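Hydrogens, waters and symmetry mates are skipped; everything else that's a heavy atom, side chains included, is used. The shown structure was predicted, so the numbers you read here are calculated from the model rather than taken from an experiment.
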Amino acid sequence: MPQAIKRDERVDLRMTKEEKDLFEIASDIEGLPLTSFFMTHMKKISKEVISKNKNYVEIPQTILSYRDSIKFIELLERDDEPNTALKSAYANYRKLKNK
């Protein structure tokens, strides 16, 4: 028997009665409890949105060796002034964020 997924996080939604009725009708049609309906469809939609916008969203995973992780921490802790490239990248980020 598959092991149940432990879900500890919550999202509270406020909606109109009409919206709730709409979601309940759709979940009844699919034979799913409302929570399962939301989870199934929101996961699918979220993955599609991320997939379509990979140039905006990246979820990288890098595994560092012990030596590299120490070097990475040392670089983060340095008090160097930002160089021109970093300042330019930050300015571009701020422009995009404020659009």
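- Partners of Ser65 under the side chain to side chain donor-acceptor pair (under 3.5 Å) rule, at least two apart in sequence or in another chain, are Asp68.
- For Arg10, the salt bridge (charged side-chain N to carboxylate O under 4.0 Å, His left out) partners two or more places apart in sequence, or in a different chain, are Asp12.
- Here Phe37 sits in one hydrophobic cluster together with Leu32; the rule is ILVMFWY side chains under 4.5 Å apart, joined directly or through other members.
- Under a hydrophobic-cluster definition in which Ile, Leu, Val, Met, Phe, Trp and Tyr are linked whenever side-chain heavy atoms come within less than 4.5 Å, directly or via other members, Met39 and Ile45 are assigned to different clusters.
- Applying the side-chain hydrogen bond (donor to acceptor under 3.5 Å, both in side chains) test to residues at least two apart or on different chains, the pairs with a partner in residues 18-33 are Thr16-Glu19, Lys17-Asp21, Glu30-His41.
- Sequence neighbours left out, the pairs with a member in residues 70-79 that pass salt bridge (Lys or Arg N to Asp or Glu O under 4.0 Å) are Arg78-Asp80.
- Leu64 forms part of a hydrophobic cluster together with Phe72, Ile73, Leu76, judged by ILVMFWY side-chain heavy-atom separations under 4.5 Å.
- Listed by chain and residue number, Ile25 satisfy the side-chain contact (heavy atoms from CB on, under 4.5 Å) test with Ile29 (two or more places apart in sequence, or in another chain).
- Sorted pairs that involve residues 36-48 and meet salt bridge (Lys or Arg N to Asp or Glu O under 4.0 Å), not counting sequence neighbours, are lacking altogether.
- Among residues at least two apart or in separate chains, ring-ring contact (aromatic ring centres under 6.0 Å, His included) pairs with a member in residues 11-30 are Phe23-Phe38.
- Residue pairs that meet the side-chain hydrogen bond (donor to acceptor under 3.5 Å, both in side chains) test with at least one member in residues 81-96, sequence neighbours left out, are Tyr90-Arg94.
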